[in-house]
Each structure stands twice: as structure tokens, then as C-alpha cells.
Amino acid sequence: MRALSEVPHRSVAGRRSSDIVIKVLAWIAASLGIALMGWVIVVCVQRGIAAWNWDFFTQLPTPVGEPGGGIANALVGTLIMTALATALGVPAGFFAGVYLAEFGKNSRFAHGMRMVTNVMMGIPSIIVGLFSYMLLVPTLGTFSGWAGALALAVIMLPVMARTTEDILNLVPNEMRESALAVGAPRWRATLGVVVKAARAGLLTGAILAVVRVSGETAPLLFTALNSAYWTIDPGQPYANLTVTIYQYANSPFPDWQEKAWGASLLIIVLVLGANITVRLIAQRGKQ
Amino acid sequence: MSDTGHSLNGGWRVRDMASRARRAPSSRTDTAFRGFTIACSLFIALLMLGITIALVEGSWESMREFGLSFLWTSDWDINKGVYGALTPMIGTLTTTLIAMGIALPLALVIALLLVELVHPVAARIIGTAVEMLAAIPSIIYGMWGLFVLVPIMQAHVIPWLQSTPLGQIPWLLGGPPLGVGILTAGLILAFMVLPFITAVSRDVLRMVPTVTKEAGYGMGATTWEVTRKVSFRYGFGGFVGATFIGLGRAFGETMAVAYVIGNSFTIPESIIAPGTTFASAIANQFPEAVGLQKAALMELGLILFLVTIVFQLIAQLWLGYVNKKVGIR
Amino acid sequence: MREPTTEVSTAEPQSQATVVPPRIEVDDVTQAGQERHSDLEVKMSVRNLDFWYGKSQALFDNSIDYYQNRVTAIIGPSGCGKSTHIRCLNRIYELYRDHKASGEIVLDGNNVLGSGVDVLDVRRRVGMIFQKPSPFPMTVFENIAYGLKLFYKLNRSELRDRVEDALRRAALWDEVKDKLNEPGTGLSGGQQQRLCIARTIATEPEVVLMDEPCSAIDPIATGKIEDLIEELKHQYTILIVTHNMQQAARVSEYTAFFFQGYIVEFGETTKLFSNPDQKQTEDYITGRFG
């Protein structure tokens, strides 16, 4: 074996310059990516603000060609439909998550369930829309708020289950042990101690799951469809923000396109607002 | 890493004991509670089964009519009643490929920047912004694509690309610059998955233990050498997982694509030509479809569903395998 | 060495505000060393080294010589700056924005902290073993080859020879020769630490810094590493930070006692442990604090 000092060296300068090249590239790429992402927001704010006025939030849509009007029905519709979906998706997802975290640590069945849940999370939302359509639309004979809410709930369920499992896993085991050690039955130890300890995280997870679903469009296209009227009865085609955006943006009328931007901004504000609020709460919880 | 693994195992043992104690017929409520949570978990599995059944049932007519040839038929003719999945398949694959080709390297370098290069305060601000962008619904990206990106592609980007030597390749950049098309859809998809992959990659890089990185620097490696050979290796499983999930998202994304792909059911002659994807075809045609067309769209949905499941399963199994091989966890 | 100017409160060894620590003149150290060990070559000498974590100073005016082919143990209570001190010697502290060092660290006539010095080269010449075993997420073979591939153009067979040689010198070859293509992280804790030592000596550094290398592994593995240190000192200059005074006494020829960022005493290990000059040293080694 040669002495290492006799072995030809790789040039340190060369290694250094490739390091610098990569760093510069990283800066350029990052600035580019961030600029592009910022661009999306800026455009939405610019164009969306123009559409915002009192009528926009309080009036029904006007027929084609007539100026004015608003998207009040779509806003209310989205809120109601999301609430219906939450009522089904969040509790069921929560208990499924409780099972995965608290009972199903190492059984084969639980591994299977965990896998199914993960796979379900990755299923495109439009597929869930097709499922909800098949299940409800022919039966009820019409597009309906129920079908829309069902689709949203199905999307929410696995998300909530996974979030619950992840958050409950963060609760230290000592807490379970000490609850059981004082003689609490398992369900009390779980709900009264473990879940209580994790409640801030669980709430955060639930809010994020709900918010995420509230921006979904694809699963509503042929379940809830849309409506130009006040719709409180979920047995009817249901007005909602996202399908309104889709239809208005695809229309040739500048007035409608403007309203689509306005509705987009509204959704951005709702989604980002909820995200920021949740973060602030989480941060305060840490302190 | 090994520490957590150890305490986790300890935890399992304790839980096992606890559940054995629980199985003693002391508490009926406990059994009921456990049963209820199992039922909720099973409900998710049942939904998955339900989705499969619904899609098969919905596409039955089309499957009977076209059989397997549906997969390689490029026609989509409502008047003749002939439908095939080849065009959306090509559209889906090319847009996903373009999106991942752009988003993946970008996401990795941004994550590298956030973890290794910028001041921690700046990293937190940028990181939060990235997470926020990942939360924005895809329809917003679609809108932006339609009204902002498409005109720019049409007026500037595509003509410029066509003026470069690459523009001479007909299957790459041939045809009129319409603005809408495969390339534009791929770009929008890239923007859409970028924040997501960035956020996951950042989390993966953050998990690399400080001592492992320091050991790399201690050997006399540069930042890039440590990142490439140590951190990326360490987080490899995570990156592959992120890639697969990003891929799954891009593959099944509807709204970001539906606006800008042009919705054409002829096989695109180049990447700037309009086309369609599984999801955008369903979004565009399903509300008004009837009869065989509806069944054919359902079958597109079924294919998309099956492909997604395969993706997800591969991702899950692969993650387990890689983590075991590299020795993480 | 001068007497400390103040009595040090042993109740709160962490707090710097209440203590005026002893001062050591540079010349004292050098002269003491030269008088007694004129036949020894100084490999690395530290002069007036100060160190800051942000605004809080962690090292004060450290001056010390490390002798070639000798093992120097660095002892002292937790938080006394032992690790901080050796993290300056290969400039690994620079990875963190608010860590700052000033002074001189002279390695073969060049100031390591100077601006004209290539930090990558410094780290090749001054290897480091960390408290926790830190194998890279690669195979055993690749772990050893990593440093070699960074600095040298070696063909496949030369690389193989050198990997084997490094593993043999780290007394690990017999245990891993059938596992070269398995992940380094799959080895036991003690084997992982010897893997890290093999990885470091593969590139033939001149100085090897060991930051409590045995604190995360079991006694038997510790014994193997101590034997290894005994073996390696013929080729390298070794610095070992340790909490364990028996270990310091077993493996080292020289010992430096650190306290609150100051080098309180430095000398031959036998002398320092049997008849320390400083009251603080005596208190520490007799277990009155720390």
C-alpha cells in the first residue's frame, strides 16, 4: 500500500467550487419558487379585492348579463355542507385514530387498518366524488347537498384518523400507565387522561382537516353541483363557493370572472386565517 | 433514534400488559369502547371497499363493451359511442412527469436552504409561508394558471422555447402556441406540489441527527458533500415517501389541471398541445354525461383509483423496506 | 503556575458571575512543559483561546500544548468547557452562526484559526470522534471509504485495501469482515464507535480528538476502545475528553483540568492525580464536586 501522502489528492478548490455552485443554485431556486408562490397570492388579492363589496357577501347571484349581485348563498352553502361533513367525518375519524394509537399497536389487523387509512388519504378527491355520486345521486334522483357532504366527510375521515393517531402517540406512556395504575378502566384512561392531555393538538388537527376539506372542488362537481338560489334543504343541488369559482372562471363574462377571483380570495382568507389562528393557539399552548 | 425505538418498545410491552388485563371480564364498557373504535377503523376499510364496488358497478357497461382494449384505445367519440383511456393516460403521465421533474429538485434545494443555509429566523418565516401555500386549495392554482400563466405561456414562454434549438423537435414543441396544454398543466401541477414536497423534505432533513452531520463535517466534507452523501442518504426513505405522495397528488389532481390542459381527447402531438388527464376528463364531462359515456368516465375513475392504490402501497412498503435497510428506526 | 487569586465557590460551579477564576500565564505552561519534556515535540499548541456562545463567554484565555504521540486527557465538571475547547481545534464550532472563537491554535506552525487556512484540510488533519457513535447511513465499507473518497483519487482495489487496513487498526476487522455491505447503523454501540474511529484514522489524520467517546457504550466496549487508544497513540496525537477520571488515569500521559472555561492545571497524569498543584484540581479529583 502506498503512503497516503503519495496518493493523488482531489482538488479541494474543485470541491469547494461545486459547494458554492450548489449554494448559489439553491438560493436562485428558492427565490424563484418563493417568488412564484408569492405571485399566486398577490394576484388573488389584487383581483379579488376588486370584487369585494357589501353586495358580494349578502346578495344572491344575478342572472347572466345583469350586473351586481353576490355569492352569499354559496358562502352559506359551503359552511353548512362543511358542517354536515364534519359531524360525520371528525368523530368517526377520531375514534378510528384512537383505535390505531391506543389499542392497535402491534396487531396485524391494526397494521392493515393503518395501511388502509394511509392509502385512503392518498385517493384523489374526484374519485370520492364519483363514489358519493354512485351512492346517493341516483337514489335521491338529484344532485344534493347530502351527496356533497358525504364526499367531504369521506375525505375528512382518514385525515382525522391519522392526525388523531399521530397526536395521541405523542402522549407519554407514563400518563397511560399512571391512569391505569390508579384503577381507571381503559376507556376512562383513554378519554379522560390521554385524549385530554392531547386535546389542543387534536383540536388543531380537526380544524386543519375541516379547513382542508372546505376548499375541495372536485368531489362537489357532480354531487352537490351548484345552485343560484338560497338552498337550506340539503336534498337539493347545493350552492357552494368552490364550484361557483369553477363555473364563473370558465364563463366568458368578465363580471363573473371577477366574482370568481373574489370568491377565491375569500377561500384563501378562510384557509390561511384558520391556519394562522391554529398556529397561534398552538404556540400559546407551548408557552 | 435508537433511544426512541427503545422506549417505544418498552411502551408496547406495557400496553400489551394493559390490554391483557383489560381482556379480563372486569369491564364490559371497556370491551364496548374498544369495539366501537375498531368499528370506526373498519368503517374506513369498508368505505374503500365501497368505493371499489361503486366504481366497478358504474363502469360495468363500459368494461363489457370495450374490455381490456379500453386501455389502448385513443378514440373518445361521443357520436360513435367509442371510448378509450389512452389519451387521458398519456396526458396524466406527461403532466405528472413534468410536474415532478420540476418540483422535486426545486423542493430539495429549498429544503436544503431552509435547514442548512439561511438564518433560523428566516427559515421559520419561509417555512411557515411554504406550509401555508401547501394549504391553499388547488382550484386557486387552477384559476391563477388560467388567467395569469396561460397568457404568458402563449405570448412569451412557448414562442421563446420554439425559437431555441429544442423548438425544432416536432414531438417536443411542435404546433401552435395555444397557451393551454400539457406543458402549462405540468407547470401548474409543479407549483401545486412544490410547497408540499418542500415541507416534507424540510422535515426529513431536520430529522438528521446533529452528531451525524457534525461527523460528516468533521471528516472535512463541504456542506454540499454532507447534504448529498449523509443527510440525503439519511432521509432517503422520507424523500421517496414524499415523492410518492407528491406523485399521487399530481396524478389525481383535478382542479389545477382542468382549467389549463385544454381538454382535448386527441393524442397530443407535442407537450405544448392540449390534452386531458383522467381527473380533468371526469371533471369536465361527468356532470353532463349519460349512458356509455358516463360508464367510460367511471372506468377512467376506476383506473385512476387502482393506480393510486398501487402507488400508495408501493410507497408504504418501500418506506418500511428502506428504513430497515438504511438502519433508521 | 500561580495560585488562584480567589477561592472558588464549589456550590455553584456553573455560575460565572460569582467567581473570579484563576489565571494562568501562557509562558508558565510552555515553560513547565519544556522544562520537563524537552525531548517531546509539541504537535498542537493553543494560545489565548477565548470562545463565545452568542454573548456568553465559555472559554477564557486557554493556553496549552499537546505533545506528539501522547494521549492528553481533558477532565473537569460538566459545563466546564472541555468539549467546547476541543471543538475549536478542528473548527467544527463554525457550523453554528453565533459560536465565535479567538486566539491561536497552532498546528505544525500554522494558525488553524487564521483566515488563510483551509478548514477542510484542517479537519482532515484533525479528526474527531463524537460522544454518540455517529455512523453515516451507509454500509460499513462506505462509512470507512467516505473520508478517503473526499480527499483522494483511489482506485477500487486501493480503496478496499485501505478500508481493510483502517478496520484492522481499529481492531474491528474480524468482527465486521463479513458485514462490509451491511448498514453501519446495524452494528452494536461499541462496534459503531470503533467504526467511527476506523473512519477517522482511515484518512490518517495527525491529531485525533475524542469527545467522551465511551460515555454512550458499555464497560466491555469501553475497555476495547481504551486498548485501541493505547495502540493508536504510536501514530497519532490523541486528545480525549472524559468524565471518567479512572479512564483519564488509565489511558493518558498528560491531563488538563478545566474549570469554568479556564485551564486550571495541566501536567503529567500521574503527577496531576497524585499531587495536584491546585486546590480546585484536588477537590475535583477527590470527588468533592463535579
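Chain letters run A, B, ... following the sequence lines, proteins first, then strands; residues in each count from 1. Hydrogens, waters and symmetry mates are skipped; everything else that's a heavy atom, side chains included, is used.
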Please flag which part of [X] lies under 4.5 Å from any non-hydrogen atom of chain A: side chain, backbone, both or neither.
{"X": "B:A258", "result": "side chain"}
{"X": "B:L146", "result": "side chain"}
{"X": "B:T37", "result": "both"}
{"X": "B:I44", "result": "both"}
{"X": "B:R249", "result": "side chain"}
{"X": "B:F305", "result": "both"}
{"X": "B:S41", "result": "both"}
{"X": "B:L112", "result": "side chain"}
{"X": "B:I53", "result": "neither"}
{"X": "B:L133", "result": "side chain"}

Kindly give the heavy-atom pair with the smallest separation between [X] and [Y], and that separation in Å.
{"X": "A:A51", "Y": "A:G262", "answer": "CB-CA, 3.8 Å"}
{"X": "B:A283", "Y": "A:L221", "answer": "CB-CD1, 3.5 Å"}
{"X": "A:V171", "Y": "A:V194", "answer": "CG2-O, 3.8 Å"}
{"X": "B:F244", "Y": "B:A315", "answer": "CB-CB, 3.5 Å"}
{"X": "A:S251", "Y": "A:W256", "answer": "OG-CB, 3.3 Å"}

Assign the ring pair [X] / [Y] to parallel, tilted or perpendicular, where the plane angle (0 to 90°) is split at 30° and 60°.
{"X": "B:F278", "Y": "B:F251", "answer": "tilted"}
{"X": "B:F286", "Y": "A:Y133", "answer": "perpendicular"}
{"X": "A:Y246", "Y": "B:Y259", "answer": "tilted"}

Q. Around atom CZ of A:R279, are there more than 12 heavy atoms of other residues, nucleotides or ligands at under 6.0 Å?
A.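 Counting neighbours around CZ of A:R279, more than 12 heavy atoms of other residues, nucleotides or ligands fall under 6.0 Å, so yes.
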Q | Crowding at CZ, B:F43 (>12 non-hydrogen neighbours, <6.0 Å) | A |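 Counting neighbours around CZ of B:F43, 12 or fewer heavy atoms of other residues, nucleotides or ligands fall under 6.0 Å, so no.
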Considering only heavy atoms, which portion of [X] lies under 4.5 Å from any heavy atom of chain B: side chain, backbone, both, or neither?
{"X": "A:V119", "value": "both"}
{"X": "A:V40", "value": "both"}
{"X": "A:A161", "value": "side chain"}
{"X": "A:I245", "value": "both"}
{"X": "A:S132", "value": "neither"}
{"X": "A:L191", "value": "side chain"}
{"X": "A:I41", "value": "side chain"}
{"X": "A:R47", "value": "side chain"}
{"X": "A:A263", "value": "neither"}

[X] and [Y] ion-paired at < 4.0 Å:
{"X": "B:R202", "Y": "B:E131", "result": "yes"}
{"X": "A:E102", "Y": "B:R34", "result": "no"}
{"X": "A:D19", "Y": "A:R15", "result": "no"}

If you count heavy-atom pairs under 4.5 Å with chain A, which of [options] comes out on top?
{"options": "B:L297, B:L117, B:L194", "value": "B:L117"}
{"options": "B:T29, B:I51, B:T308", "value": "B:I51"}
{"options": "B:E116, B:M48, B:M143", "value": "B:M143"}
{"options": "B:V148, B:L55, B:L302, B:L149", "value": "B:V148"}
{"options": "B:I136, B:T223, B:V109, B:L106", "value": "B:T223"}
{"options": "B:A39, B:C40, B:P105, B:A107", "value": "B:C40"}

Choice from [options] maximising heavy atom contacts with chain B below 4.5 Å:
{"options": "A:I20, A:N118, A:L32, A:L272", "value": "A:N118"}
{"options": "A:S18, A:A29, A:G38", "value": "A:A29"}
{"options": "A:L25, A:I123, A:V211", "value": "A:I123"}
{"options": "A:N250, A:V12, A:L135", "value": "A:N250"}
{"options": "A:A274, A:G129, A:A218", "value": "A:A218"}
{"options": "A:F94, A:F222, A:F143", "value": "A:F222"}

Q: Please confirm whether A:Y248 and A:W261 have ring centers closer than 6.0 angstrom.
A: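 No, they do not, as the ring centres are separated by 6.0 Å or more.
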Q: Would you give the length of the straight line joining atom CZ of B:R228 to atom CD1 of A:I22, rounded to the nearest 0.5 angstrom?
A: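 Reported value, rounded in 0.5 Å steps: 8.0 Å.
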Q) For the atom pair CG (B:L108) and CG (B:L113), what is the distance rounded to the nearest 0.5 Å? A)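 Result: 12.5 Å between the selected atoms.
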Q. With no hydrogens and no angle check, is any side-chain donor or acceptor of A:N275 less than 3.5 Å from a backbone partner on B:M132?
A.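 Not confirmed, A:N275 side chain does not pair with B:M132 backbone.
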